[in-house]
Amino acid sequence: MADTTGTATPETLAVHGEDGVRRRDFINIAAVSFAGVGAVAVVLPLVSQMAPSADVLAESSTEIDVGSIEAGQAIKAVFRKQPLFVRRLTPAEISQADKVDASSLRDPQTLAERTKEGHLDMLVTMGVCTHLGCVPLGAAEGENRGEFGGYFCPCHGSHYDTAARIRKGPAPTNLVVPDYEFTSDTVIRVG
Amino acid sequence: MSFPWARQYEPKNGLTKFLDEKLPLPRLVYGAIGAGYPVPRNLSYMWNFGVLAGFCLVLQIVTGVVLAMHYAPNALVAFGTTEHIMRDVNWGWMMRYAHANGASFFFIVVYLHIFRGFFYSSYKAPREMIWLLGVVIFLLMMATAFMGYVLPWGQMSFWGAKVITGLFGAIPIVGEPIQVWLLGGFAPDNAALNRFFSLHFLLPFVIAGVVILHIWALHIPGSSNPTGVEIKTEADTVPFHPYYTAKDGFGLGIFLLLFCTMVFFLPNYLGHPDNYIEANPLSTPAHIVPEWYFWPFYAILRAFTVDFFFVPAKLMGVLAMFAAILVWFFLPWLDKSPVRSGHYRPLFRKFFWFGLIPTMAVLFYCGGAPAEEPFVMLSQLATAYYFLHFLVILPLVSSIEKPEPLPYSITEAVLGSDKKAVLGENTTPAV
Amino acid sequence: MIRLFGILAGLFFTVAVMWSFATGAFVAATEGLGEETAEHAFHKYPKDLHLASDGVFGTFDKAQLQRGYQVYKEVCAACHSMKFVAIRDLADLGYNEAQLKAEAASWQVPGIDPSTGEATMRPGLPTDYFPSPYPNTVAAAAANNNAIPPDLSLMAKARHDGSAYVYSLLTGYQAQPAELLKEFPASKTPTGLHYNPYFPNLNLAMAPPLTANGQVTYAPGNPDPTIDQMAQDVAAFLTWTAEPTLDKRKQTGWPVLGFLLFATILAFFAKKQIWSAVKPSRKD
């Protein structure tokens, strides 16, 4: 409705001159750029506050007494708010795991690489399926251990063998072995 | 908008044309706070506080949402999660100090905005609706701030909640049931804390909604200005952008300098040490006071110390405290002077600078002081003047005062002119 | 009409509040402004205390914080909890990981016997929070003549001028002044309480905790552990526990203010430049 060309008074022409970026335009550009830098700087703490806080990062290492686990049995412990499977393998399960040619697997690893030296029968893994994070079955007595006698994740049908290596199903990698060490013959410290 | 010379938004490329056709949001922004909004050319820095208040609202919502990610509204852990934010959460201390001081700065800015309105009579026709919505925003802010202060569950939080909900107990007969209903119990506890958290999260978005109405109502008559003379021609105005965006940008810089000085170097200056003590229902702090921005109204509440005939002192204080704010709703109709700006109202100006401003200073001071003499008597005198000023002096002054001559137009006021116009010709709004 | 109602309402509130004023003034004129109390006459504001963390540039003195921690551990911790501070936080004081673990193990924290599930005590881990000396407030009250020792985590922020308050309180125990007893015979310190002019009501349930120079043995290279020195050190330590992010806050604040100052100056010149074309100076 308004005659928009009528707004070009001499005053506004002086500001919106057409001879490119002049020295006095420079200060406007600088001021706006500074405001932009400031706004970006504010985003950093806003993003960072969602990262784990100091108390979460300091989650303690977990000590587990594994001496009472009998061959063929497994226990569930908790490490960083997630399940941890500790399993004492029977000689049959060890030989079953060793029989497989590791190089033929989806995630090639031998049982020896997944356990500590001198403790080939002590399999410590996270109880978190590497597919989408469900807790696989097989740690507790009487649960379905899947086609390969290790762990079985019912969510999407991933089968793990006795060394907790992925053998069938959608999971991309073996169950993760966390950092841990034997502090004595019967106690491990995870993390 | 209402000015024929307001620039129209012109989409330049395909994307903005598409957007303008389907959802003309850029057009809305252009007309509201862009080059399409003609604003009086003579606004002083007192007109910066609207934009700053909007900035404070955004600041409070952003920091508040962040804090809500780490806080738990449960009486057992509320104080602990607040400390968790202060100690363990990345930048949590900064978020919380910014939120706590942000509330104070929000009130500073809004008080200046309101008192600008008092001096320049920004509430007068045709801007009554802007004013009424503004008072609604202020009331919502007070409710939000009060409930927010309860959340850290310190001693002041707890006793503030108890005392303020106790105000409702002053209402005859239904008072006590209402108080118990508000708290969901006989004293503040989980039920109260949870509902305060819920409402403290909700109300800022209600405020944001009313702010949009406030700005919408503003764009119908346009901004007032220090002369109080309405816009007559295009020469009286400049486009909001770039002129007032630049001026508000500078104002924002000053605001942030002061704000960050408080957040980083004096973060607890405006707070109270007792709120760093976890809530204890069995022990009241020796000297309980609300946050500073409630002090004038707290002083009015406490000024009524004896029963007034059949009205108990407690009820009288509560009535007066609410009336002190509600009276603002009636200002457009109490002050009938045809002249807006205090610059041209000699008698009004005297009452403003030597009556209202010292009174507010006394009320602020006495509201934060212990309930002892001489503070009680001072606040009684100030309370008396407060009501006299708004309800008696303002209506009377507007009928007996002879205003000074007004400039013919905003442009004349800015550029100066020999031909001082005769009063009477210019007292009716030009719109 | 609105104005008539307004004037009537205004007069109503004015008369009501002046009624209160008149009553108060009458009472004040006939009975005076209330009696002077011992608390009001003899309470003292905290003494001056200078800490490394004072001022806008101040940062914590880690050696002093370590000494203060030692005083807390050997003296205060017998009765006072510090439940919002974790042992891992001591890393701020300059302890390395091995020292932290050793320090943590020197505290006994509540735990659960893994074989029976019964409550038991175990050596602390860095992730544990400082243990409370009493299992609950009832036990704390019972052991302390009904006065519950307050948690110390936030003490320096929970009192006016808190750091100096802690220092003054610890060094302020004295015999009740004779003038006080003369002026206010009813205000004699009750048995079981201790006179301290820095405490708001003058009589404090806590017995003097720092009683002798050398009560805590500092490692070589540190100042002599006089009562005054120990009180200063523990005040510094509690300043840190109340606000462990103080150093980071100030370190962040300076660049932020510098940036804002520069940006504001730029904004000022940008504003001036934009307005230069439109607004000649006002002639009044």
Side-chain angles (χ1 to χ4, degrees), chain B residues 41-42 80 83 86-87 93-94 97 238 242-243 246-247 249-250 252-254 256-257 260-261 263-265 267-268 273-274 276-278 286 303-306 308 311 313 316 319-320 323 327 330 333-334 336 372-374 376-377 380-381 383-384 387-388 390-392 395-396 413-416, chain C residues 2-3 6-7 9-21 23-25 28 33-34 56 83-86 89 150-151 153-154 157-160 162 200 242-245 248-250 252-254 256-257 260-261 263-268 270-271 273-275 278-280 282-284:
Chain B
R41 61 192 289 172
N42 62 333
E83 276 311 305
M86 293 298 289
R87 290 159 193 271
W93 56 271
M94 190 169 85
Y97 280 152
V238 291
Y243 293 100
K247 195 169 180 177
F250 172 57
L252 183 62
I254 299 288
L256 285 175
L257 271 172
C260 289
T261 304
V263 167
F264 290 105
F265 296 100
N268 293 309
D274 278 297
Y276 281 111
I277 305 172
E278 197 167 358
F304 293 83
T305 47
V306 297
F308 185 60
V311 192
M316 200 62 225
L319 282 179
V327 64
F330 298 95
W333 298 279
L334 289 170
K336 294 307 273 189
E372 294 167 359
E373 300 299 355
V376 175
M377 281 158 108
Q380 284 163 341
L381 292 175
T383 303
F387 284 104
L388 279 181
F390 285 112
L391 290 166
V392 180
L396 293 182
V414 175
L415 300 176
Chain C
I2 288 184
R3 285 195 280 173
I7 290 173
L11 290 175
F12 170 72
F13 283 115
T14 308
V15 170
V17 77
M18 289 315 285
W19 180 250
S20 291
F21 176 79
T23 313
L33 287 174
V56 291
K83 59 184 177 180
F84 298 113
V85 184
D89 293 337
D151 187 83
S153 315
L154 286 157
K157 284 205 290 194
R159 299 287 184 275
H160 282 288
E243 181 108 2
T245 54
K248 196 179 181 195
R249 171 159 65 75
K250 292 178 189 172
T252 314
W254 285 112
V256 167
L257 286 187
L260 281 174
L261 185 66
T264 306
I265 291 170
L266 268 181
F268 174 73
K271 182 252 163 192
Q273 190 256 300
I274 285 172
W275 279 85
V278 74
K279 196 174 186 181
R282 180 175 169 163
K283 290 182 276 176
D284 263 337

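Note that the structure is a prediction, hence the values are computed from the model and not measured. Every chain is numbered from 1 and lettered A, B, ... according to where its sequence line falls, protein lines coming before strand lines.
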Taking all atoms of both residues into account, what is the closest heavy-atom pair of [X] and [Y], and its distance?
{"X": "C/Gly6", "Y": "B/Leu334", "value": "CA-CD2, 4.2 Å"}
{"X": "C/Lys83", "Y": "B/Glu278", "value": "NZ-OE1, 3.2 Å"}
{"X": "B/Phe265", "Y": "C/Leu257", "value": "CE1-CD1, 3.5 Å"}
{"X": "C/Thr245", "Y": "B/Met86", "value": "CG2-O, 3.6 Å"}
{"X": "B/Phe308", "Y": "C/Phe12", "value": "CE2-CE1, 3.5 Å"}
{"X": "C/Ser20", "Y": "B/Ala303", "value": "CB-O, 3.6 Å"}

For the residue pair [X] and [Y], establish whether any side-chain heavy-atom pair is separated by less than 4.5 Å.
{"X": "B/Ile277", "Y": "C/Pro150", "result": "no"}
{"X": "B/Phe387", "Y": "C/Val17", "result": "no"}
{"X": "C/Arg249", "Y": "B/Pro267", "result": "yes"}
{"X": "B/Leu396", "Y": "C/Ile7", "result": "yes"}
{"X": "B/Trp333", "Y": "C/Arg3", "result": "no"}
{"X": "B/Asn268", "Y": "C/Lys157", "result": "yes"}
{"X": "B/Phe264", "Y": "C/Val256", "result": "yes"}
{"X": "B/Leu381", "Y": "C/Met18", "result": "yes"}

If you count heavy-atom pairs under 4.5 Å between each of C/Ala267, C/Gly253, C/Ala16, C/Gly10 and chain B, which one has the most? C/Ala16

Side chain, backbone, both or neither: which part of [X] has an atom under 4.5 Å from a heavy atom of chain B?
{"X": "C/Ala242", "answer": "backbone"}
{"X": "C/Lys248", "answer": "both"}
{"X": "C/Val56", "answer": "both"}
{"X": "C/Ala263", "answer": "neither"}

Atom pair CZ/CG of B/Phe250 and C/Leu266 - distance to nearest 0.5 Å: 11.5 Å

Which distance, rounded to the nearest 0.5 Å, do you find between the CD of B/Gln380 and the OG1 of C/Thr23? 8.0 Å

Heavy-atom proximity to chain C below 4.5 Å, by part of B/Val263: backbone

Structural part of B/Phe390 lying under 4.5 Å from a heavy atom of chain C: neither

Determine whether more than 12 heavy atoms belonging to other residues, nucleotides or ligands lie under 6.0 Å from atom OH of B/Tyr97. yes

Option in [options] with maximal non-hydrogen atom pairs under 4.5 Å from chain C:
{"options": "B/Gly249, B/Gly253, B/Gly80, B/Ala286", "answer": "B/Gly253"}
{"options": "B/Val392, B/Leu257, B/Leu252, B/Thr383", "answer": "B/Leu257"}
{"options": "B/Leu256, B/Val376, B/Asp274", "answer": "B/Leu256"}

Test side-chain contact (heavy atoms from CB on, under 4.5 Å) applied to B/Met316 and C/Trp19, step by step: CA-CA 12 Å; B/Met316 200 62 225; C/Trp19 180 250; over 6 Å; no

If the plane angle is over 60° it's perpendicular, under 30° parallel, otherwise tilted; pick one for C/Phe13 and B/Phe304. perpendicular

Could you go through B/Arg87 and C/Val85, starting from their C-alpha distance and side-chain angles, then the distance that decides it, and tell me whether this counts as side-chain contact (heavy atoms from CB on, under 4.5 Å)? CA-CA 9 Å; B/Arg87 290 159 193 271; C/Val85 184; 3.6 Å; yes

